[in-house]
Amino acid sequence: MDNRTFYIRTYGCQMNESDSERISGTLIDNGYSMVATPDEADLVVLNTCSIREGAENKVYSDLGRLRILEAERGTPMQVAVAGCVAQQEGEKILSRDRSVDLVFGSRAIGKLPEMLPRLEAGERFAELNVHTRPDEPGTHVRADGHRAFVTIMEGCDNHCAFCVVPATRGPEVSRRPEGIVAEVEQLAAEGYVEVTLLGQNVTSYGKGLDTDFADLLTRIHAIPGIRRIRYTTSHPKDFSDRLIDTLADCPKVVRHLHLPLQSGSDAVLARMGRGYTVAEYRRKIDRVRAKVPGIAITTDMIVGFPGETDADHQATLRAVREIGYFNLYGFKYSRRPGTTALTLDGHLDDEVRSARLIELLALQKEITLERHASLVGQTREVLVEGESKRNASRLSGRLEENVLVHFEGDPEWIGTVRPVRITEATVSALIGEVH
Ligand code: SAH
Ligand code: SF4
Ligand code: F3S
C-alpha cells in the first residue's frame, strides 16, 4: 500500500525511545511517512511502558481517546501496541480492546516488514518474540542530528522483587561488539558527536560473548569524531573496579554516573533482591569519586516498598544526604503483575508512600540546588543541543554532568561544544554566558 501515514507515541525509558526510532525507520523504509498528530495517521503506534501503574493506565486511556478520534474523523485508523505492555499482556490486548489491530514486542521489531502486509490486509494479530539475539540496528529515525542512542543489549537477568522488566524484555542478551562499533563509526561519519549506550544493565554487558562493558567503552572511546559517551543504566552489583579504572582512562566517557540505589536500608535492599548493601554501594561511590574527580552521581529511589518502616525511610534520607547526589528519580512503590514483591507482607497505604516521596523529593531539591550552585563561576564545556524550549532567543545544552545550561548564542553552534561561564543556578538548570 502506498502513501500510508503513521504517528508514534513513546512512553517509558530511553530504550523505548530508541526502539521507537527504529520502528519509525522501518515504517519509512516500507513506504510509510511520519505525521505529527494521530489525527492525520492511518496507523498509530503506541510504544508502551509498564514499569509503574501510572504508565500503564496512560496507555489504556490513550487507546480510549484514539477510539473517539477515529469515530469523529470517520476514516479508519489502525492501532498497533508495541513495547512493554504489549509484551506483558500479549493477545489479551486484542480481546480487551477491539480498536487494537496489532500487538508486538520489542524483540519483534525486526519482523515488522513481514507484519505490515498482514496488518494492511486487515488481520488482527500479536507477534511476541522474546528469545532472539537483538538484531542489528536497522534504520533509525533519530530525533537529533548530534546525539544518538545506541542499544547495546536487551533484557535483564536480575530479579529485583518490584520490577516487571525481566518479564517484559526477557532474558539479557548482548549485541556483538563489532556491530555496535560499526554503528558508532557510522554515526560519527554522519556528524554525531554524542552517543548514549543503552541497556537495562549495561554493567553486565558481554555475557556469553567473551568481552565486557569496560572493553566496549575502550573500543568506542577510540572512535574519532565522538566527543561524549554516555551510558545507562549501571547496576551497583556489577559496577567493578576494572570499569572504574576504564572510566578514569577514557576522558570522552562523561563524568556522570547514574547508579540506582533504590533504598538506603539494607533490610529493604535485601527484600528487593538487589544484591548489595548500602556500605558496599558507598565504597564503590568513594572509589569512583577518587578516580574520576568531580563525577556527578545520580540515582533512582523507591519509597514505600512493602515492609519499609519509618526507620528504613530515614535511612534512605540519610543516604541521599550523605552521598550528595546531583539528582534523583524518586518513585512510589507500585504493584506490578507477576513480581515477587506482591507476595511480601507489609504493603503500605498510598498516604504513607506519597508522604515519603514528597519528603525525599524536597530533600533532593535542596541538594541539587547546592550542587548546581557550586558550578557558578566556573567556565565549562557545553554541548549545544538546540534552542531553549522556554525562550527561543536562548540556546540550551548540557554539561558532561548532564546538567542543562541556558545561554545566549548563535543557532549555528548547535551540535558543537562551547565554553560557557556559569552565572546562575536553579534546581532545574544553569544560566551561563559565552564570551
Ligand atoms: N534497569 C534499571 C532501571 C529499570 S526501571 C535499573 O536496574 O536500575 C527504572 C526505575 O524505575 C528503577 O530504577 C526503579 O527505581 C523504578 N521502578 C521499577 N519498578 C518499580 C515499581 N514497581 N514501583 C516503583 N518504581 C519502580
Ligand atoms: Fe528491573 Fe532490577 Fe533488571 Fe533494573 S536490574 S531492569 S530494576 S530487574
Ligand atoms: Fe518501561 Fe519497559 Fe522501559 S517497562 S521503563 S519501557 S523497559
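None of these values were measured; they are calculated from a predicted model. Start at 1 and go down the list; that is how both ligands and their atoms are numbered.
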Point to revise | Member of Arg227, Lys252, Arg230 meeting the salt bridge (charged side-chain N to carboxylate O under 4.0 Å, His left out) criterion with Glu194 | key: Arg230

Check your understanding: Which protein heavy atom lies closest to atom 2 (Fe) of ligand 3, and at what distance to 0.1 Å?
Key -> Cys84 SG, 2.2 Å

Practice item. Around atom 5 (S) of ligand 2, find the nearest protein heavy atom and jot down its residue, atom name and distance. Key: Asn158 ND2, 3.4 Å

Review point. Of all the atoms in ligand 2, which lie at a distance below 4.0 Å from a heavy atom belonging to Cys156?
Key: 3 (Fe), 5 (S), 6 (S), 8 (S)

Revision key, fill the gap. Note: ligand 3 atoms sitting under 4.0 Å from heavy atoms of Ile51 are 1 (Fe), 4 (S), 5 (S)

Review point. What are the atoms of ligand 3, with element, lying closer than 4.0 Å to any heavy atom of Asn16?
Key: 6 (S)

Review point. Hey, is Pro260 touching ligand 1 through its side chain, its backbone, both or neither, going by heavy atoms under 4.0 Å?
Key: side chain

Check your understanding: Counting from 1, what ligand 3 atoms have a heavy atom of Cys49 closer than 4.0 Å?
Key -> 1 (Fe), 4 (S), 5 (S), 6 (S)

Practice item. Nearest 0.5 Å please: distance from the CG atom of Leu357 over to the OH atom of Tyr333. Key: 15.5 Å

Review point. Is ligand 1 less than 4.0 angstrom away from at least one heavy atom of Val165?
Key: no

Review point. Are the side chain of Asn16 and the backbone N or O of Thr48 linked by a donor-acceptor pair below 3.5 Å?
Key: yes

Study note, to complete from the structure: CE of Met77 to OG1 of Thr5, rounded to nearest 0.5 Å, is 9.0 Å

Review point. Which residue supplies the protein heavy atom nearest to atom 24 (C) of ligand 1, what is that atom called, and how far is it?
Key: Lys332 O, 3.3 Å

Practice item. For Arg255 and Glu401, run side-chain contact (heavy atoms from CB on, under 4.5 Å): C-alpha distance rounded to whole Å, both residues' side-chain angles, the deciding distance at 0.1 Å, then the answer. Key: CA-CA 6 Å; Arg255 278 183 305 171; Glu401 290 88 339; 4.1 Å; yes

Check your understanding: Does Thr168 reach the main-chain N or O of Cys84 with its side chain, forming a donor-acceptor pair under 3.5 Å?
Key -> no

Review point. How about Lys207 and Ser174: does a side-chain donor come under 3.5 Å of a side-chain acceptor?
Key: no

Review point. If hydrogens are left out, which of Arg274, Met15, Arg52, His258 has an atom nearest to atom 7 (O) of ligand 1, that is, the closest non-hydrogen atom?
Key: Arg274

**Study point:** Pairing of Glu89 and Lys92 as salt bridge, 4.0 angstrom limit
**Key:** yes

Review point. Does Arg274 have a heavy atom less than 4.0 Å from any atom of ligand 2?
Key: yes

**Study point:** Nearest-neighbour protein heavy atom for atom 6 (C) of ligand 1, which is reported as residue plus atom name and distance
**Key:** Thr233 CG2, 3.9 Å

Review point. Taking it one step at a time, do Thr426 and His372 satisfy side chain to side chain donor-acceptor pair (under 3.5 Å)?
Key: CA-CA 7 Å; Thr426 69; His372 288 182; 5.7 Å; no

Check your understanding: If you count the atoms of ligand 2 from 1 in the order shown, which ones are under 4.0 Å from a heavy atom of Pro166?
Key -> 8 (S)

Practice item. Give the residue and atom name of whichever protein heavy atom lies nearest to atom 2 (Fe) of ligand 2, and the separation in Å to one decimal. Key: Cys160 SG, 2.3 Å

Exercise for review: Could you see which bit of Pro260 sits under 4.0 Å from ligand 2, with heavy atoms only: side chain, backbone, both or neither?
Suggested key: neither

Point to revise | Spacing of CD1 belonging to Ile302 relative to CD belonging to Glu308, to within rounding of 0.5 Å | key: 10.0 Å

Review point. Sub-3.5 Å donor-acceptor pair from the side chain of Thr151 to the main-chain atoms of Leu198, do we have one?
Key: no

Exercise for review: To the nearest 0.5 angstrom, please state how far the CG atom of Leu187 sits from the CD1 atom of Ile226.
Suggested key: 6.5 Å

Check your understanding: Quick check: are there more than 12 heavy atoms from other residues, nucleotides or ligands sitting under 6.0 Å from NE2 of His347?
Key -> yes

Review point. Under 4.0 Å from ligand 1, counting heavy atoms only, is it the side chain of Gln200, its backbone, both or neither?
Key: both

Check your understanding: Please state which protein non-hydrogen atom is closest to atom 7 (S) of ligand 3 and give its distance, to 0.1 Å?
Key -> Gln200 NE2, 3.1 Å

Exercise for review: Please could you name the atoms of ligand 1 that Arg336 approaches to less than 4.0 Å, counting only its heavy atoms?
Suggested key: 22 (N)

Revision key, fill the gap. Test side chain to side chain contact (heavy atoms under 4.5 Å, CB included), reference Ile220, set Val253, Ile180, Asp215, output is Ile180

Point to revise | Minimum side-chain heavy-atom gap Leu46-Leu63 below 4.5 Å | key: yes

Study note, to complete from the structure: Any heavy atom of Phe331 under 4.0 Å from ligand 1? The part involved is side chain

Check your understanding: Within 45° of the ring axis of Phe149 and under 6.0 Å from its six-membered ring centre, is that where the NZ or CZ of Arg142 lies?
Key -> no

Revision key, fill the gap. Within 4.0 Å of some non-hydrogen atom of Gln200, the atoms of ligand 2 are 6 (S)

Practice item. Could you tell me if any non-hydrogen atom of Met15 lies under 4.0 Å from any atom of ligand 3? Key: no

Practice item. Tell me which protein heavy atom sits closest to atom 1 (Fe) of ligand 2, plus the residue, atom name and distance to 0.1 Å. Key: Cys163 SG, 2.2 Å

Check your understanding: Between Phe239 and Tyr281, is the gap from one ring center to the other below 6.0 Å?
Key -> no

Point to revise | Element-labelled atoms of ligand 2 that are located less than 4.0 Å from some non-hydrogen atom of His235 | key: 5 (S)

Point to revise | Nitrogen or oxygen atoms of Phe162 and ligand 1 under 3.5 Å apart | key: yes

Review point. In terms of residue, atom name and distance, what is the protein heavy atom nearest to atom 3 (Fe) of ligand 3?
Key: Cys13 SG, 2.3 Å

Point to revise | Contact check: Tyr333 vs ligand 1, nitrogen or oxygen atoms, below 3.5 angstrom | key: no

Check your understanding: Among all protein non-hydrogen atoms, which one is nearest to atom 21 (C) of ligand 1, and what is the separation to 0.1 Å?
Key -> Ser334 O, 3.7 Å

Practice item. Considering heavy atoms of the protein only, find what lies nearest to atom 14 (C) of ligand 1 and give residue, atom and distance to 0.1 Å. Key: Gln262 OE1, 3.5 Å

Exercise for review: Write out the residue and atom name of the closest protein heavy atom to atom 5 (S) of ligand 1, then the distance separating them to 0.1 Å.
Suggested key: Ile51 CD1, 3.4 Å

Check your understanding: Under 3.5 Å, N or O to N or O, is Asp300 touching ligand 1 that way?
Key -> yes

Point to revise | ligand 3 contact by Ser50, heavy-atom criterion under 4.0 angstrom | key: yes

Point to revise | Gap between atom OH of Tyr231 and atom NE2 of His256 - 0.5 Å precision | key: 8.0 Å

